[in-house]
Amino acid sequence: MHDLAYFRANLEAIRERLATRGFVLDVDRFVELDRRRRAAVTETEQLRARRKVESAEIARLRQAAVDTEERQRQVRQIGERIAQLEENLRELEDAFREMLAGIPNLPHESVPVGPDETANVEVRRFGEPRQFDFAPRAHWDLGPALGILDLERAAKIARTRFAVYVGLGARLERALINFMLDVHTREHGYTEVLPPFLTNSDALFGTGQLPKFAQDLFRIQDYDLWLIPTAEVPVTNLFREETLEADRLPIKLCAYSPCFRSEAGSYGKDVRGIIRQHQFQKVELVKFCRPETSYEELEGLTRDAEQILRKLGLPYRVVALSTGDLGFASAKTYDIEVWMPGQGAYKEISSCSNFEAFQARRAGIRYRTAKGKSEYVHTLNGSGLAVGRTWVAIVENYQQADGSVVVPQALVPYVGAERITPRGEIA
RNA sequence: GGAGGAAUGGCCGAGUGGUCGAAGGCAGCGGUCUUGAAAACCGCAGUGGUCGAAAGGCCACCGGGGGUUCGAAUCCCUCUUCCUCCGCCA
């Protein structure tokens with residue numbers, strides 16, 4: 001959500017800026033809606049002011065024992081007129097708010113301008129893709145062969161795009177979650193939270209998933225509850241409609257959660273394996289900070305996420321998304337992409353964004369400045385990391401010619417094994 | 001799930017139909033006094049919207065939504081949250 005006064009005062013510049021991310025702002029419609037809405041507000045309020053005065057007059061007259069029947073009748077008519085105007089105003093407000101809530105954030109000035117992901121800019125790289133002396137296999141071959149991943153039974157009990165992890169496969173997933181949480185809490189200063197995995201509509205509006213992206217979510221029947229698509233939603237909304245003390249900032253939280261996405265419209269994309277699932281596990285990093293430090297905090301948050309890959313010895317690169325590839329609420333985003341030998345490509349494993357005050361305005365998250373004024377915080381988040389994709393990266397990068405997988409050193413204490421070999425836990 | 005009670009400004013707490021945006025206290029800010037501070041005293045102080053160049057008006061907000069009324073913090077309905085008791089449960 002944009003700041004209304006700022007938005008009105010800079011319409012043309014904003015229209016041009018939004019165009020770089022492929023959003024067409026209907027300036028005429030905005031101006032017209034805003035004009036009509038304000039006219040309705042003025043008219044309604046003037047009538048309300050009149051009713052107030054008249055009512056006070058009635059009170060006075062009645063104390064003086066004067067008959068007020070006729071006056072009451074007149075004021076009743078004013079009241080009826082107000083009710084009509086209020087209904088009209090409500091419609092205008094709804095239309096206006098809906099339009100405003102559907103406008104994406106403005107890209108930060110440092111974001112490369114371009115129409116789509118082809119304009120993304122690589123900012124750094126870590127490690128080199130390993131040279132195999134055999135043909136590396138993809139995880140959808142390795143997993144079932146090792147008996148650690150069962151997609152067929154998952155489809156039977158749920159549907160396609162779900163997975164069952166078995167034996168050391170399940171253990172590896174759990175090990176990664178604990179490893180990531182330990183690194184972020186012990187070494188990077190984040191506080192761990194374990195939030196609800198379902199949230200209400202208000203929370204999803206706050207972070208920007210609603211109203212525009214309802215089709216990407218799973219909804220619970222008969223309740224105003226949805227399965228979270230990311231822990232960003234419950235964690236960012238922790239402080240919804242709250243004013244934080246400035247000396248508490250920045251607040252750094254991390255959370256493990258499963259994430260649920262309908263993946264509507266992604267037919268034919270990443271259909272094999274577990275790259276794209278309806279349910280996956282993720283450790284999320286979330287920050288609340290003062291506006292003047294948010295870009296510094298974005299660099300730090302991205303480094304924190306990268307650190308997991310470094311410790312695991314997985315090659316990756318960091319990419320600055322172009323204006324055309326930015327998510328709805330983001331002002332700037334770095335994607336971290338890990339090397340996947342089975343697919344011969346770098347695949348997104350984390351997305352780290354600064355939302356500036358866009359989410360804070362929607363969710364009403366403020367802080368009190370030194371002068372005592374309350375202002376909106378900046379919010380940031382990033383995956384630290386997507387656990388399922390990290391699982392894939394380990395299996396594919398650490399595979400051996402005999403089909404086994406060597407466990408990265410940093411993870412051995414968590415997995416309790418140095419190597420994953422077929423065990424046949426479930427036939 | 002059932003029965004009762006509660007929800008007022010940063011905090012505490014008055015207020016059951018008519019200048020109540022809301023007494024009082026605490027905390028906050030400015031000032032007087034003081035070498036300085038404290039105390040005391042005086043004053044200022046909420047959020048959002050809207051009109052206005054500004055000064056300043058006006059409107060809304062007493063947990064959320066709806067209703068009754070000329071007029072609602074006050075009455076009615078409903079929802080939410082918290083507390084007490086019963087039931088159930090991990």
Side-chain angles (χ1 to χ4, degrees), chain A residues 1-11 30-101 194-206 210-211 220-226 234 237-249 357-377:
Chain A
M1 191 87 83
H2 293 275
D3 177 68
L4 188 51
Y6 176 79
F7 202 81
R8 265 202 293 254
N10 300 279
L11 264 183
F30 176 85
V31 170
E32 177 61 12
L33 263 178
D34 191 30
R35 189 192 62 73
R36 285 171 55 198
R37 179 186 136 269
R38 284 197 279 176
V41 166
T42 305
E43 195 183 357
T44 308
E45 289 187 348
Q46 281 171 349
L47 263 184
R48 276 205 279 244
R50 217 180 112 198
R51 179 176 65 184
K52 214 177 190 177
V53 171
E54 297 281 339
S55 287
E57 178 65 13
I58 288 172
R60 219 165 305 141
L61 291 173
R62 285 178 68 137
Q63 273 188 345
V66 176
D67 177 66
T68 56
E69 267 308 311
E70 176 57 17
R71 274 175 184 274
Q72 286 184 28
R73 201 184 56 74
Q74 287 173 4
V75 178
R76 188 180 308 132
Q77 284 178 352
I78 295 178
E80 284 161 8
R81 178 80 185 123
I82 289 173
Q84 286 171 10
L85 288 171
E86 279 175 342
E87 197 185 323
N88 176 246
L89 177 61
R90 191 167 20 237
E91 281 168 22
L92 286 168
E93 295 271 17
D94 285 349
F96 185 71
R97 198 173 326 111
E98 192 186 315
M99 182 178 185
L100 202 61
L194 182 59
F197 300 154
L198 284 72
T199 68
N200 57 34
S201 299
D202 288 342
L204 285 152
F205 180 87
L210 290 181
I220 306 298
Q221 197 163 25
D222 299 331
Y223 293 87
D224 177 31
L225 286 172
W226 312 65
N237 279 283
L238 271 178
F239 302 119
R240 180 151 52 91
E241 303 300 336
E242 289 191 35
T243 301
L244 306 164
E245 291 308 321
D247 57 18
R248 285 185 65 189
L249 301 176
F358 190 85
Q359 293 181 326
R361 232 175 263 121
R362 288 174 157 250
I365 309 169
R366 298 163 224 261
Y367 75 105
R368 203 163 295 285
T369 65
K371 289 178 191 150
K373 280 278 293 176
S374 76
E375 283 183 10
Y376 291 110
V377 299

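Naming convention: chains lettered A, B, ... in sequence-line order (proteins, then strands); numbering from 1 in each chain. Note: hydrogens, waters and symmetry copies are ignored here, and every other heavy atom, side chains too, is used.
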Name the residue closer to the 5' end of RNA chain B, choosing between A/Ala56 and A/Val75 according to the nucleotide with the nearest heavy atom. A/Ala56
Check: A/Thr44 and A/Arg48 side chains under 4.5 Å, non-hydrogen atoms: yes
Taking the same atom, C1', in B/G4 and in B/C12, what whole-Å distance lies between them? 26 Å
Tell me: CG of A/Leu85 to C1' of B/U50, nearest whole Å? 15 Å
Indicate yes or no: at least one non-hydrogen side-chain atom of A/Phe239 is less than 4.5 angstrom from one of A/Val377. no
Taking the P atom of each, how far is B/U74 from B/C29, in whole Å? 34 Å
Using whole Å, report how far CZ of A/Arg71 lies from C1' of B/U69. 18 Å
Centroid separation A/Tyr376 to A/Tyr367 less than 6.0 Å: no
A/Arg38 side-chain N/O to B/C51 phosphate OP1/OP2 under 4.0 Å: yes
For A/Asp202 and B/G65, give me the distance from atom CG to atom C1', rounded to whole Å. 13 Å
Below 4.0 Å: OP1/OP2 of B/U69 and any side-chain N or O of A/Arg51: no
Mind checking who B/G1 pairs with, Watson-Crick or G-U wobble, both distances under 3.5 Å? B/C86
With rounding to whole Å, what would you report as the distance between B/A3 and B/U8 at their C1' atoms? 27 Å
Expected output is a numbered-order residue list: members of residues 41-49 of chain A with a heavy atom under 4.0 Å from any atom of RNA chain B. What is it? A/Val41, A/Thr42, A/Glu45, A/Arg48, A/Ala49
Please check the phosphate of B/A60 (OP1 and OP2 only) for any side-chain N or O of A/Lys52 closer than 4.0 Å. yes
B/A72 C1' sits how many Å from A/Ile58 CD1, rounded? 15 Å
Distance check, P atoms only: B/G46 and B/A39, in whole angstrom units. 24 Å
Watson-Crick or G-U counterpart of B/C41, or none if no pair lies under 3.5 Å: B/G31
Using a heavy-atom distance cut-off of less than 4.0 Å, which residues of residues 86-99 of chain A contact RNA chain B? A/Arg90
Taking C-beta and beyond as the side chain, do A/Leu244 and A/Ile365 meet within less than 4.5 Å on heavy atoms? yes
Should A/Arg8 be listed as having a side-chain N or O under 4.0 Å from OP1 or OP2 of B/U50? yes
Using atom CD of A/Glu375 as one end and atom P of B/U47 as the other, report the distance to the nearest whole Å. 12 Å
Whichever of A/Gln72 and A/Arg366 has the more 5' nearest nucleotide on RNA chain B, that residue is A/Arg366
For the pair A/Phe7 and A/His2, name the ring-plane relationship: parallel under 30°, tilted 30 to 60°, perpendicular over 60°. tilted
Roughly how many Å apart are B/A54 and B/G67, using the P atom of each and rounding to a whole number? 36 Å
Tell which nucleotide pairs with B/U80, taking only Watson-Crick or G-U wobble pairs whose two distances are both under 3.5 angstrom. B/A7
Quick one: side-chain hydrogen bond (donor to acceptor under 3.5 Å, both in side chains) partners of A/Arg50, sequence neighbours excluded? none
Is there side-chain contact between A/Pro195 and A/Leu238, with at least one heavy-atom pair below 4.5 Å? no
Write down the distance between CZ (A/Arg37) and P (B/A60), rounded to a whole number of angstrom. 17 Å
Taking the C1' atom of each, how far is B/G9 from B/A73, in whole Å? 12 Å
Re B/C58: Watson-Crick or G-U wobble partner, both distances kept under 3.5 Å, found to be B/G49
Does any part of the side chain of A/Arg361, heavy atoms only, come nearer than 4.5 Å to the side chain of A/Arg366, both counted from C-beta? no
Say we look at B/C79 and B/A6: how far apart would their C1' atoms be, to the nearest angstrom? 16 Å
Atom pair distance, as rounded to whole Å: CD1 in A/Ile78 and P in B/U69: 16 Å
Pairing partner of B/U68 (Watson-Crick or G-U wobble, both distances under 3.5 Å): none
Within 45° of the axis and under 6.0 Å from the centre of the six-membered ring of A/Phe205, does NZ or CZ of A/Arg362 qualify? yes
To the nearest Å, give me how far apart CD (A/Glu241) and P (B/C61) are. 18 Å
When the P atoms of B/C51 and B/A45 are considered, how many whole Å apart are they? 24 Å
Could you check whether A/Trp226 and A/Ser201, counting side-chain N and O atoms only, form a donor-acceptor pair closer than 3.5 Å? yes
Could you tell me whether A/Glu32 and A/Arg35 have a side-chain N and a carboxylate O separated by less than 4.0 Å? yes
